[in-house]
Amino acid sequence: MKKLTVTIKLDMTIPEGWELAQTSTGAQVIKLPDGKFLDITIEPMFATDPEDTWTSTQDDDVLNDFLDMIESEEVNYDLITH
């Protein structure tokens, strides 16, 4: 079996009103002004041609098989206000 490590870092300019919040398990999420919460994680995208349009899968089995391969996930948010 092979190992693949994927590191994702996003630097975003976000609207006022976005705040960091913690879940009951201590995980960080983003609280949006409309009362919803946002978690940014990996979503596998697929295409039949790498130069074509990429889309997420509509097949739950494919998505679950992919997610089952993930042994750990770490997402950290740093909110900087100026």
Side-chain angles (χ1 to χ4, degrees):
M1 186 66 67
K2 296 179 181 180
K3 271 284 194 212
L4 173 65
T5 300
V6 177
T7 302
I8 299 172
K9 179 182 177 183
L10 304 173
D11 289 320
M12 301 171 63
T13 301
I14 60 172
E16 291 295 325
W18 284 28
E19 301 174 4
L20 296 182
Q22 282 195 331
T23 66
S24 62
T25 62
Q28 285 187 313
V29 294
I30 301 165
K31 182 179 180 186
L32 304 177
D34 63 0
K36 293 181 183 174
F37 294 87
L38 171 66
D39 187 16
I40 302 171
T41 61
I42 187 170
E43 179 182 357
M45 303 293 283
F46 299 90
T48 56
D49 179 336
E51 304 302 324
D52 203 357
T53 302
W54 291 78
T55 60
S56 59
T57 182
Q58 300 301 315
D59 185 335
D60 286 345
D61 289 335
V62 170
L63 179 59
N64 288 332
D65 288 345
F66 179 85
L67 294 175
D68 285 345
M69 289 187 263
I70 299 172
E71 295 177 5
S72 67
E73 178 181 359
E74 184 177 334
V75 177
N76 295 303
Y77 299 101
D78 293 311
L79 182 60
I80 301 170
T81 57
H82 298 280

Roughly how far, to the nearest 0.5 Å, is [atom2] of [Y] from [atom1] of [X]?
X     : Y     : atom1 : atom2 : result
Met69 : Asn64 : CE    : CG    : 11.0 Å
Lys36 : Ile30 : NZ    : CD1   : 14.5 Å
Tyr77 : Asp39 : OH    : CG    : 4.0 Å

Do [X] and [Y] share a hydrophobic cluster (ILVMFWY, side-chain heavy atoms under 4.5 Å, transitive)?
X     : Y     : result
Val6  : Phe46 : no
Leu63 : Leu4  : yes
Ile80 : Met12 : no
Val29 : Leu38 : no
Trp54 : Leu67 : no

Just to verify, what does [X] make a side-chain hydrogen bond (donor to acceptor under 3.5 Å, both in side chains) with, not counting sequence neighbours?
X     : value
Thr55 : none
Thr57 : none
Glu71 : Lys3

Minimal non-hydrogen separation, [X] against [Y], with atom names:
X     : Y     : value
Pro33 : Glu16 : CG-O, 4.1 Å
Leu79 : Trp18 : CD2-O, 3.9 Å
Glu73 : Ile42 : OE2-N, 4.3 Å
Asp49 : Glu51 : OD1-N, 2.8 Å

**Prompt:** Under a 4.5 Å cut-off applied to non-hydrogen side-chain atoms, are Phe37 and Thr23 in contact?
**Reply:** no

**Asked** Would Val75 and Ile40 count as a side-chain contact (heavy atoms from CB on, under 4.5 Å) if you check the C-alpha gap in whole Å, the side-chain angles of each, and the deciding distance to 0.1 Å?
**Response** CA-CA 8 Å; Val75 177; Ile40 302 171; 5.7 Å; no

